[in-house]
Amino acid sequence: MSRTIRGKVAVVGLGETQYYKRGQSPDAEFKLALKAIISACADAGISPKKVDGFASFSNDRSDPSRLAAALGCDDLRFANMQWGGGGGGGSGAIANAAAAIATGMAECVIVFRALAQGQFGRFGQGPRSNTTSGAGAFTVPYGLMSPAQSFAMKVNRFMHDHDVKQEALRAISLASYHHAQNNPRAVMHGRPLDEAKYDESRWIVEPFHLFDCCLENDGAAAMLLVSAERAKDFPNKPTYILSALSGSHYRAGASAHNTPDYATSTFKTTVPRLYDMAELGPKDVQVAQVYENFTGGVLMSIVEHGFCEPDACNEFFTKENLIAPDGELPTNTSGGNLAECYMHGLGLNIEAVRQLRGESTNQVKNVDVSLVASGPMVTPVSSSIFGSEATL
């Protein structure tokens with residue numbers, strides 16, 4: 001018997017709230033989670049009472065038992081949190097939910113993420129304290145405090161080692177903003193970006209301009225998963241999980257920037273397992289959604305998922321190669337974390353499913369295979385591959 005979730009679980013419902021600039025949601029975080037879950041159930045044509053499992057990541061505060069009570073769920077059978085990794089847990093939460101369904105622990109599982117930074121504080125800032133301890137004691141007193149500062153170190157090293165030019169990062173940002181102009185859900189819809197505006201924008205920390213950095217938003221997103229056997233009973237075109245997993249390489253979690261393999265997006269050991277489970281390779285992928293905490297993470301992730309050699313980045317990363325419908329690898333076709341919204345990356349998984357349904361606002365033609373890379377440069381990271389019925 002094969003130990004895999006390939007083709008055993010399908011996504012049948014998608015739900016999102018309106019997305020707000022950080023701190024501007026009129027609703028509390030828990031209410032946002034409920035709204036997204038109810039929306040996913042409505043999309044699937046099923047009562048929220050039939051949900052029997054919840055999976056989330058990055059220390060989501062919406063407790064499954066409380067969610068089940070508020071929704072009136074008949075039976076809570078599965079409650080799971082993917083530890084660590086920030087946005088690196090997005091596809092990992094899907095993997096956990098799929099594993100629960102494939103093994104019979106649950107039948108109908110919601111994967112969700114909710115954020116209300118007005119309630120609980122911003123992700124993008126450094127610590128607001130007069131003291132620090134642990135790993136931060138080696139960095140914070142010397143000015144290395146925010147996510148942008150920490151990740152810039154890894155990206156600078158990669159760009160130095162492979163002579164990557166700033167234009168490669170700019171292309172990623174331009175592609176995301178290009179896609180957002182066709183997506184009315186996107187926070188940056190109606191706010192186009194061109195080369196001059198990118199180049200003139202302020203530095204956050206080199207090599208990141210303002211438009212290399214993800215948004216900070218309030219809102220919630222949810223996906224409803226069931227077994228493949230049940231998938232055709234729902235109104236939407238089923239989208240099957242071909243592969244979903246998480247992990248990291250040797251000593252990736254070493255503190256104080258002390259991992260032996262430093263200039264990496266952390267996918268080197270997970271990607272071979274990802275493709276082995278899917279029984280596919282990079283050449284089979286038609287569209288990709290790659291988590292942008294910063295554009296440098298997208299570049300390194302695409303390299304480590306086998307779409308581009310490290311020394312070929314300047315040639316590969318052009319706006320034309322990255323935009324739908326005809327780019328070599330259409331990427332972040334909703335606008336992604338840079339221009340649609342920052343929902344800790346779960347919106348990327350939703351867009352991967354939309355591409356397979358044929359419902360994207362930047363639709364790629366005849367999509368059968370869609371890939372998501374979640375949370376580069378953290379640990380653990382995760383990835384997922386979704387496929388149409390033709391891939392089973």
Side-chain angles (χ1 to χ4, degrees), residues 151-152 154-180 193-195 198-199 206-209 211-214 261-268 270-272 274-275 278 280-339 345 348 351-352 355 360 362-365 367 369-377 381 383-385:
F151 292 130
K154 293 175 180 285
V155 175
N156 270 320
R157 175 65 176 272
F158 183 91
M159 293 176 73
H160 174 270
D161 288 349
H162 301 288
D163 194 29
V164 180
K165 306 302 183 186
Q166 188 72 36
E167 289 78 4
L169 302 188
R170 182 178 68 189
I172 296 165
S173 185
L174 291 175
S176 289
Y177 274 78
H178 171 87
H179 290 138
L193 179 67
D194 58 25
E195 291 184 359
Y198 173 95
D199 291 342
E206 292 188 45
F208 303 144
H209 282 275
F211 296 107
D212 291 299
C213 302
C214 67
D261 188 358
Y262 186 67
T264 173
S265 57
T266 324
F267 289 104
K268 290 181 181 178
T270 61
V271 164
L274 178 78
Y275 288 132
L280 298 169
K283 292 182 179 179
D284 299 303
V285 175
Q286 295 153 297
V287 59
Q289 315 299 331
V290 184
Y291 188 101
E292 323 107 302
N293 37 19
F294 308 97
T295 53
V298 178
L299 184 143
M300 295 161 70
S301 298
I302 286 175
V303 167
E304 292 184 6
H305 281 79
F307 299 111
C308 170
E309 292 297 323
D311 293 331
C313 290
N314 294 320
E315 294 74 31
F316 183 87
F317 286 93
T318 65
K319 178 183 174 182
E320 292 69 28
N321 272 352
L322 300 176
I323 61 174
D326 299 320
E328 183 173 341
L329 183 68
T331 300
N332 297 343
T333 50
S334 65
N337 293 342
L338 292 183
L348 299 172
E351 175 64 10
Q355 282 286 349
S360 173
N362 294 281
Q363 186 63 46
V364 177
K365 299 173 185 175
V367 174
V369 179
S370 184
L371 177 144
V372 181
S374 299
M377 299 185 286
V381 290
S383 298
S384 51
I385 297 176

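Here the structure is a predicted model, which is why all the values come from computation and not from measurement.
- Contact record, L322 with A175: CB-CB, 3.7 Å, taken as the closest heavy-atom pair.
- When all heavy atoms of Q363 and P325 are compared, the pair lying nearest together is O-CB, 3.5 Å.
- Taken from CG in L174 to OG1 in T295, the straight-line distance is 10.5 Å, to the nearest 0.5 Å.
- For E315, the CD atom is densely surrounded, since the number of other residues' heavy atoms within 6.0 Å is greater than 12.
- Closest of all the heavy-atom pairs between N314 and A168 is OD1-CB, 4.4 Å.
- Partner of E292 under the side-chain contact (heavy atoms from CB on, under 4.5 Å) criterion, chosen from S301, P376, S176, S173: S176.
- Put simply, the side chain of D212 does not reach to within 4.5 Å of the side chain of P207, judged on heavy atoms.
- Side-chain contact between L299 and C313 is present, with at least one heavy-atom pair separated by less than 4.5 Å.
- Note that the CZ atom of R170 and the OH atom of Y198 stand 7.5 Å from one another [nearest 0.5 Å].
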- Let me see the working for H305 and Y275 under side chain to side chain contact (heavy atoms under 4.5 Å, CB included), right down to the final yes or no. CA-CA 9 Å; H305 281 79; Y275 288 132; 3.9 Å; yes
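- Counted by atom type alone, Y177 and D194 present zero donor-acceptor pairs between their side chains at under 3.5 Å.
- One N or O on the side chain of N362 and one on the backbone of H179 form a donor-acceptor pair closer than 3.5 Å.
- For K268, the side-chain hydrogen bond (donor to acceptor under 3.5 Å, both in side chains) partners two or more places apart in sequence, or in a different chain, are D261.
- Between K365 and V367, the closest side-chain pair of non-hydrogen atoms is not below 4.5 Å.
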- Message: Run L169 and F317 through side chain to side chain contact (heavy atoms under 4.5 Å, CB included) and show every step you take.
- Response: CA-CA 8 Å; L169 302 188; F317 286 93; over 6 Å; no
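- The shortest side-chain heavy-atom distance between T331 and I172 does not fall under the 4.5 Å cut-off.
- Side-chain contact between H209 and Q166 is present, with at least one heavy-atom pair separated by less than 4.5 Å.
- Atom CG of residue L329 and atom CD of residue Q286 lie 10.5 Å apart, to the nearest 0.5 angstrom.
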- Item | Verdict with supporting geometry, T266 and M300, side chain to side chain contact (heavy atoms under 4.5 Å, CB included) | CA-CA 9 Å; T266 324; M300 295 161 70; over 6 Å; no
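- A side-chain N or O of T333 and one of Q289 form a donor-acceptor pair less than 3.5 Å apart.
- Classified by interplanar angle (parallel below 30°, tilted 30° to 60°, perpendicular above 60°), the ring pair H162/F158 is tilted.
- Of all non-hydrogen atoms in V287 and P330, the two that sit nearest each other are CG2-O, 3.4 Å.
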- Criterion side chain to side chain contact (heavy atoms under 4.5 Å, CB included) on F316 and I302, from CA distance to verdict: CA-CA 10 Å; F316 183 87; I302 286 175; 3.9 Å; yes
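- N332 contributes atom CG, which lies 7.5 Å from atom CG of N337 (distance to the nearest 0.5 angstrom).
- Within the 4.5 Å cutoff, the side chain of I385 has heavy atoms near those of the V369 side chain.
- Side-chain atoms of S370 and Q355 form no donor-acceptor pair, as typed in the model, at a separation below 3.5 Å.
- S374 and F267 get closest at one heavy-atom pair: O-CZ, 3.6 Å.
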